[in-house]
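Each remark here refers to the structure printed beneath this line.
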Amino acid sequence: MRFNIDGKLFQQNLQSVNKVINSKNALSILDNFLFTVENEILTVTGSDQENIVTAKMEVMDCDSDGAIAVPAKSLLEITKEISNQPLTFTLNEETGEIDLAFLNGHFQFMGVNANEFPKGEDVSDDAIVIDVPSSVIQKGIEKTIYAVSPDPIRPMMTGIYWDIHEGDITFVASDTHKLVRYINTNVNPGVNRGFIMPSKPASILRSVLPKEEENVKVTIGEKGAKFEMSNFTLTCRFIKGNYPNYNRVIPSSNPFTMTVDRLAFLNAMRRVAIFSSKASNLVKIEITHGSMRLAAQDLDYGTSAEEKVMCEYQGNDMTIGFNAQFTIEILNNLGGDVVVVRMSDPARPGVFEPLEQHKNENIVTIQMPMQVIE
């Protein structure tokens with residue numbers, strides 16, 4: 001089997017597929033890419049057993065169809081050095097010999113029989129198929145993935161919950177300290193379904209989504225889903241279990257409202273956080289009419305900081321504590337020029353949302369407060 005391919009596009013697609021391959025695999029075959037050539041289309045497949053990513057690209061001067069597994073690490077290192085020139089592959093499926101020729105030379109290395117590469121499970125026959133604009137998926141993942149829990153003790157919280165309704169898709173993530181709910185009504189799935197997508201395939205999907213708007217074909221089965229785009233396909237397994245009722249966690253009535261410039265709040269929080277306790281990251285916020293004062297101290301090192309930020313506030317004077325790291329993450333990902341923080345008392349969650357929501361979108365983030373000792 002012999003074919004020519006554009007080196008730059010080839011390298012870019014290899015890097016995308018490689019994101020699914022683990023650094024250490026129980027099955028050695030998973031250290032490889034699977035190359036399949038059919039009708040002058042090369043399909044590159046990578047897998048970690050739970051997730052599968054494929055990239056399709058055109059090849060030229062192909063003399064036959066075929067398949068072979070190619071060492072991923074070696075191929076990435078080789079093509080990185082010669083990515084801006086055309087490449088010629090000559091692959092012997094029987095012996096496993098691979099010859100990669102470029103402008104001024106060639107490399108030779110060994111592949112593996114393609115039959116050893118695991119096929120993966122197909123999505124069930126009774127699966128639901130919906131078309132979702134790529135921008136909806138992109139935003140849904142971007143707005144929520146930072147809030148996913150890294151703690152494997154509660155596996156349901158280590159992924160993004162897709163709550164699909166007939167007229168919208170709601171994306172939810174929470175690590176129990178903060179929760180993000182992003183609703184997008186720019187899509188009409190026409191079905192009611194929910195699943196928890198692990199953070200790894202969610203990150204990969206975000207990276208391979210097309211920059212230009214196109215519909216993604218989403219096939220949802222009982223145990224997993226397939227996302228099909230023009231050049232990429234991702235298949236993943238769901239996290240088992242029922243996601244908690246996120247709407248019950250979001251306070252329905254927080255009467256005290258603070259309106260503040262998002263960047264002013266964010267930059268002040270970053271500066272004050274430098275002097276917060278490394279153990280707690282606690283920043284104390286004293287809110288009065290017209291301004292708020294951010295204060296932090298680290299008793300172990302005898303350091304402290306405070307900064308005043310102008311704001312509009314409607315409510316009783318309040319002192320509330322927040323984890324600086326979580327607040328910075330929320331303000332970074334919330335978007336908009338002005339943010340509204342709704343509160344009720346220092347022991348109850350604060351609700352963060354942009355003053356102006358985008359059309360057909362709604363994003364709400366809550367953060368649990370920390371105890372402030374006067």
Residues that Arg193 engages under side chain to side chain donor-acceptor pair (under 3.5 Å), provided they are two or more places apart: none
Nearest-0.5 Å distance, CD of residue Glu94 to CD1 of residue Ile68: 10.5 Å
Arg271/Glu307 under salt bridge (charged side-chain N to carboxylate O under 4.0 Å, His left out): CA gap, chis, key distance, verdict: CA-CA 8 Å; Arg271 289 187 287 266; Glu307 185 168 340; 2.7 Å; yes
Pairs where residues 195-231 contributes a residue and the test ring pair (Phe, Tyr, Trp, His ring centres under 6.0 Å) is met, not counting sequence neighbours: Trp162-Phe195, Trp162-Phe227, Phe195-Phe238
Nearest-0.5 Å distance, CZ of residue Phe35 to CG of residue Leu42: 5.5 Å
Considering all heavy atoms, the nearest Ala69-Asn113 contact: CB-O, 4.5 Å
Neighbour count >12 (heavy atoms, 6.0 Å) for atom NZ, Lys56: no
Spacing of CD belonging to Glu116 relative to CG belonging to Asn32, to within rounding of 0.5 Å: 9.0 Å
Exam field: side chain Asn188 to backbone Gly190, donor-acceptor pair closer than 3.5 Å: no
Sequence-distant partners of Lys308, side-chain contact (heavy atoms from CB on, under 4.5 Å), two or more places apart: Ser291
Side chain to side chain contact (heavy atoms under 4.5 Å, CB included) between Val272 and Glu306, intermediate numbers included: CA-CA 6 Å; Val272 173; Glu306 66 176 57; 5.9 Å; no
Straight-line distance of Ile5 CD1 to Phe3 CZ, nearest 0.5 Å: 6.0 Å
Separation between CG of Leu294 and CD1 of Ile285, rounded to the nearest 0.5 Å: 5.0 Å
Side chains of Thr88 and Asn4, donor plus acceptor under 3.5 Å: yes
Check against side chain to side chain contact (heavy atoms under 4.5 Å, CB included), Val351 and Val364: CA-CA 7 Å; Val351 179; Val364 171; 3.6 Å; yes
Salt bridge (charged side-chain N to carboxylate O under 4.0 Å, His left out) involving Lys200 - partner list, sequence neighbours excluded: Asp48
Gln367 side chain to Thr327 side chain, donor-acceptor N/O pair below 3.5 angstrom: yes
Any donor-acceptor N or O pair under 3.5 Å, side chains Thr233, Lys226: no
Under 3.5 Å donor-acceptor, Gln357 side chain and Ile363 backbone: yes
Residue pair Gln325 / Asn323: nearest heavy atoms and the distance that separates them: N-OD1, 2.9 Å
Heavy-atom closest contact (Leu34 atom, Ala114 atom, distance): CD1-CB, 3.7 Å
Residues that Asn18 engages under side-chain contact (heavy atoms from CB on, under 4.5 Å), provided they are two or more places apart: Ile21, Phe33, Ala72, Leu76
Ser174 side chain to Lys178 backbone, donor-acceptor under 3.5 Å: yes
Within 6.0 Å of CG in Asn242, more than 12 heavy atoms from elsewhere: no
Cut-off 3.5 Å, no hydrogens considered: what does the side-chain donor-acceptor table look like for residues 98-108, sequence neighbours left out?
unit_1: Asp99; atom_1: OD2; unit_2: His106; atom_2: ND1; d: 2.8
unit_1: Asp99; atom_1: OD2; unit_2: Gln108; atom_2: NE2; d: 3.3

Name every donor-acceptor pair, under 3.5 Å, that has one atom in a side chain of residues 145-161 and the other anywhere in the protein, sequence neighbours excluded.
unit_1: Ser149; atom_1: OG; unit_2: Asp151; atom_2: N; d: 3.1
unit_1: Asp151; atom_1: OD1; unit_2: Ile153; atom_2: N; d: 3.0
unit_1: Thr158; atom_1: OG1; unit_2: Pro155; atom_2: O; d: 2.6

Residue pairs, two or more places apart or on separate chains, that pass salt bridge (Lys or Arg N to Asp or Glu O under 4.0 Å) and touch residues 156-167: none
Working for side chain to side chain contact (heavy atoms under 4.5 Å, CB included), residues Leu14 and Val44: CA-CA 8 Å; Leu14 285 186; Val44 180; 3.9 Å; yes
Within residues 353-370 or reaching into it, pairs that qualify as salt bridge (Lys or Arg N to Asp or Glu O under 4.0 Å) - sequence neighbours excluded: Lys139-Glu361, Arg342-Glu353
Val339: which of Thr365, Val260, Leu263 passes side chain to side chain contact (heavy atoms under 4.5 Å, CB included): Val260
Pair Ser230, Glu214: side-chain N/O donor-acceptor within cut-off below 3.5 Å: yes
Least distance between heavy atoms, Ile41 atom then Val59 atom: N-CG2, 4.2 Å
Atom pairs and distances, side-chain donor-acceptor, residues 330-337, under 3.5 Å, sequence neighbours left out:
unit_1: Asn332; atom_1: OD1; unit_2: Arg270; atom_2: NH2; d: 3.2
unit_1: Asn333; atom_1: ND2; unit_2: Glu329; atom_2: O; d: 2.7

Exercise: do Gln11 and Thr79 side chains pair donor with acceptor under 3.5 Å: yes
Ring pair (Phe, Tyr, Trp, His ring centres under 6.0 Å) pairs, two or more places apart, involving residues 247-292: His289-Tyr313
Donor-acceptor side-chain pairing of Asp168 and Thr170 below 3.5 angstrom: yes
Distance in Å, Ser135 OG paired with Asn184 CG, rounded so as to fall on 0.5 Å steps: 7.0 Å
Asn25 (side chain) donor-acceptor with Asn22 (main chain) under 3.5 angstrom: yes
Test log, rule side chain to side chain contact (heavy atoms under 4.5 Å, CB included), inputs Val216 and Asp131: CA-CA 6 Å; Val216 177; Asp131 287 329; over 6 Å; no
Minimum side-chain heavy-atom gap Val37-Leu91 below 4.5 Å: no
Exercise: identify the closest heavy-atom pair between Ala273 and Ser276: O-OG, 2.7 Å
Over all atoms of both residues, closest heavy-atom pair of Thr257 and Asn254: OG1-O, 4.5 Å
side-chain contact (heavy atoms from CB on, under 4.5 Å) partners of Asn245, counting only residues at least two apart: Asn247, Arg248
NZ/Lys278: more than 12 non-hydrogen atoms of other groups inside 6.0 Å: yes
Pair Phe352 + Phe326: ring centers closer than 6.0 Å: no
Glu213/Ser134 under side chain to side chain donor-acceptor pair (under 3.5 Å): CA gap, chis, key distance, verdict: CA-CA 6 Å; Glu213 184 68 73; Ser134 56; 3.2 Å; yes
